[in-house]
A.B. asks: 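Could you have a look at this structure, given as structure tokens, before my questions?
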Amino acid sequence: MAGPSLRRRAMLRFGAGAALLASPAVRAQPAWPARPIRMVVPYTPGAATDAMARLAAQVLQERLGVTVVVENRSGGSGTVGGQAVLQAPADGYTLMGSASIHPMARQVMRSVPYDPVADFRPIARTARGPCVLVLDKRRPENSVAEVIAAAKADPARWSFATSSLGAAGHLASIEFNRLAGTQIEVVPYRGSAPALTDVAAGNVPLMFDPVLATLPMIRGGQVRGLGIATASRSTLAPELPTLAESGLPGFAFESWYGVWAPRGVPEEVAARLNAAIVEGLHQPAILHRLAEQGFEPVRESLVEVERFIASDLERNAALLRLAKFEPQ
């Protein structure tokens, strides 16, 4: 028969083992994802950024089998939504659907409450599409060459609307001025919708914006399409000349969209998110839907996404320096 000391040691070992099994660190964690995912969009509904984020949410929901809720948190040129994402745990349950403007925040704004590169983990680029130059239809000019001549003759009558500082349309406007030798003022708005509305109303003459928003307005007769910022004419709008053939050699600018998580999200979660988005966006039905809107899905690994964003940021920052742009 075991003595009291042996029984006591056995009970202590049993108690320690039971405590270890009950420890939160050892207890099996639920498989990810085990609950709904939140996709924060830092801009208002209806524009291209919102549309691409909702598409990413749709394919994540289909691929992961959990609800993905889209939440628009606009304000502060995207920083209100960005802060909302960073205040959440880095567990893959809170994501941000934004655009190429996001990494540019510190290049165009004096005060940004976070580092858009260091504090966020890019998960995937979802799609990309060219910018289109549109003109107030009341203006007599019918070509890029005529606009350049008129803007040089009377700069005060000309300005570019842009959805936001740092957006693809803003950078395209700066590049236009550089290549054309014009000094057209760039006026930032709070999103594409109000900016395009002002162009259609005749309150501002020019704007570069993605095809998703501009082509319907061109075809509806609300604005005049002058050119597309692609290397060759687009099959989506073959009637639009390229900016290069309109007298601005090498002019090509596209907008792109993506999904981010707070930096620190587990690598395996980031990899699953990336795979779900990339595979989901390359389904035939989604490919057709994107093509109809003038967009092309992007197929990149996590490493490739980080590498592309670093290169894109370097190019755009150099363009801003050449233009002597000061953060506002």
Side-chain angles (χ1 to χ4, degrees), residues 40-44 47-50 52-53 72-86 96-120 122 125 128-131 133 158-180 182-196 198-199 204 206-210 213 229 251-260 263 305-306 308-328:
V40 176
V41 181
Y43 299 99
T44 54
T49 301
D50 179 68
M52 291 300 110
N72 292 89
R73 295 286 296 271
S74 62
S77 296
T79 59
V80 170
Q83 282 184 290
V85 172
L86 289 182
M96 181 176 70
S98 193
S100 54
I101 184 176
H102 169 68
M104 293 294 297
R106 286 199 168 181
Q107 307 295 321
V108 297
M109 290 188 285
R110 286 198 192 97
S111 178
V112 182
Y114 49 72
D115 186 321
V117 176
D119 294 340
F120 290 82
R125 286 200 301 145
R128 60 190 181 192
C131 288
L133 177 61
W158 293 89
S159 58
F160 280 112
T162 187
S163 61
S164 186
L165 294 175
H170 174 217
L171 295 164
S173 302
I174 290 174
E175 180 73 339
F176 183 99
N177 275 334
R178 186 180 75 84
L179 292 177
T182 51
Q183 294 183 327
I184 302 173
E185 180 187 9
V186 180
V187 181
Y189 281 73
R190 293 184 177 181
S192 290
L196 280 169
D198 255 14
V199 176
V204 62
L206 293 166
M207 183 175 181
F208 279 101
D209 210 49
F251 193 108
F253 254 94
E254 64 180 17
S255 56
W256 59 264
Y257 307 88
V259 173
W260 285 260
R263 186 71 68 172
V305 176
E306 293 255 24
F308 171 86
I309 290 176
S311 173
D312 195 53
L313 179 59
E314 183 179 0
R315 181 196 77 153
N316 294 335
L319 177 59
L320 292 173
R321 287 195 298 271
L322 281 173
K324 295 182 171 54
F325 176 83
E326 293 293 333
Q328 298 177 25

A.B. asks: I want to check something: taking the side chain as every heavy atom from C-beta on, are Leu319 and Leu171 in contact at a cut-off of under 4.5 Å?
C.D. replies: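 The answer is yes, as the side chains (C-beta and beyond) meet within the 4.5 Å cut-off.
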A.B. asks: Which pairs pass side chain to side chain donor-acceptor pair (under 3.5 Å) with one or both residues in residues 319-328, sequence neighbours excluded?
C.D. replies: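 Sorted result for residues 319-328: empty, none.
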A.B. asks: Going from CD1 on Ile174 to CG on Leu322, what distance comes out if it is rounded to the nearest 0.5 angstrom?
C.D. replies: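 Here the rounded value is 10.0 Å.
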A.B. asks: Report the distance from atom CG of Leu133 to atom CZ of Phe208, rounding to the nearest 0.5 Å.
C.D. replies: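 CZ of Phe208 is found 4.0 Å from CG of Leu133.
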A.B. asks: Would you name the heavy atoms of Ala168 and Cys131 that are closest together and state the gap between them?
C.D. replies: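 For Ala168 versus Cys131, the nearest heavy atoms are CB-SG, 3.9 Å.
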A.B. asks: Kindly give the heavy-atom pair with the smallest separation between Val199 and Leu206, and that separation in Å.
C.D. replies: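 Minimum heavy-atom separation between Val199 and Leu206: CG2-O, 4.1 Å.
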A.B. asks: Could you go through the side-chain contact (heavy atoms from CB on, under 4.5 Å) check for Tyr257 and Arg128 one step at a time?
C.D. replies: CA-CA 6 Å; Tyr257 307 88; Arg128 60 190 181 192; over 6 Å; no
A.B. asks: What do you reckon, are the aromatic ring centroids of Phe176 and Phe253 less than 6.0 Å apart?
C.D. replies: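 Not close enough - the centres of the two rings lie 6.0 Å or further apart.
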A.B. asks: Is the shortest heavy-atom distance from the side chain of Phe120 to the side chain of Asp115 under 4.5 Å?
C.D. replies: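 Not in contact.
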A.B. asks: When rounded to the nearest 0.5 angstrom, what is the spacing between OG1 in Thr182 and CG in Asn177?
C.D. replies: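 Here the rounded value is 3.5 Å.
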A.B. asks: Is the ring pair Trp256/Phe308 parallel, tilted or perpendicular, if the boundaries are 30 and 60 degrees?
C.D. replies: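 Ring orientation, 0 to 90° scale: perpendicular.
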A.B. asks: Does Arg190 CZ have over 12 foreign heavy atoms under 6.0 Å away?
C.D. replies: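 Open.
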A.B. asks: Any chance you could measure Ser98, atom OG, to Asp50, atom CG, to the nearest 0.5 Å?
C.D. replies: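 Here the interatomic distance stands at 11.0 Å.
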A.B. asks: Below 3.5 Å, can you tabulate the donor-acceptor pairs from side chains in residues 158-167 to any protein atom, sequence neighbours excluded?
C.D. replies:
{"from": "Thr162", "atom 1": "OG1", "to": "His170", "atom 2": "N", "distance (Å)": "3.1"}

A.B. asks: Does any donor atom in the side chain of Asp198 or Tyr189 lie under 3.5 Å from an acceptor atom in the other side chain?
C.D. replies: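 Result is yes, a qualifying pair exists.
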A.B. asks: Can you tell if the side chain of Gln83 reaches within under 4.5 Å of the side chain of Pro113, non-hydrogen atoms only?
C.D. replies: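 Side chain of Gln83 against side chain of Pro113, heavy atoms only: contact under 4.5 Å found.
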A.B. asks: Minimum heavy-atom separation for Met109 to Ser77, with atom names?
C.D. replies: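 So the two residues come closest at SD-CB, 3.5 Å.
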A.B. asks: Would Glu306 and Arg125 pass as an ion pair if we require N to O under 4.0 Å?
C.D. replies: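 No, Glu306 and Arg125 are not salt-bridged.
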A.B. asks: Provide the closest heavy-atom pair for Ala195 versus Val204 in the form atom of the first, atom of the second, distance.
C.D. replies: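 Closest approach of Ala195 to Val204, heavy atoms only: O-CG1, 4.4 Å.
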A.B. asks: Which heavy atom in Ala53 sits nearest to a heavy atom in Gly97, and how many Å separate them?
C.D. replies: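 Closest pair (atom of Ala53, atom of Gly97, distance): CB-CA, 3.9 Å.
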A.B. asks: Does the side-chain contact (heavy atoms from CB on, under 4.5 Å) test come out yes or no for Asp312 and Met104, once each step is laid out?
C.D. replies: CA-CA 9 Å; Asp312 195 53; Met104 293 294 297; over 6 Å; no
A.B. asks: Just wondering, do Ser192 and Asp209 contact through their side chains at under 4.5 Å, heavy atoms?
C.D. replies: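 Of all side-chain heavy-atom pairs linking Ser192 with Asp209, at least one is under 4.5 Å.
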A.B. asks: State, to 0.1 Å, how close Leu196 and Ala213 come at their nearest heavy-atom pair, and which atoms those are.
C.D. replies: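 Result for this residue pair: CD1-CB, 3.5 Å.
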A.B. asks: So, Asn72 side chain and Tyr43 main chain: donor-acceptor pair closer than 3.5 Å or not?
C.D. replies: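 Judged by distance alone, yes, a pair lies under 3.5 Å.
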A.B. asks: Check whether any side-chain N or O of Arg106 sits under 3.5 Å from a backbone N or O of Val117 as a donor-acceptor pair, and report yes or no.
C.D. replies: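 Answer holds: no.
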A.B. asks: Is there a side-chain contact (heavy atoms from CB on, under 4.5 Å) between Leu313 and Gln107 once you walk through the steps?
C.D. replies: CA-CA 9 Å; Leu313 179 59; Gln107 307 295 321; 3.9 Å; yes
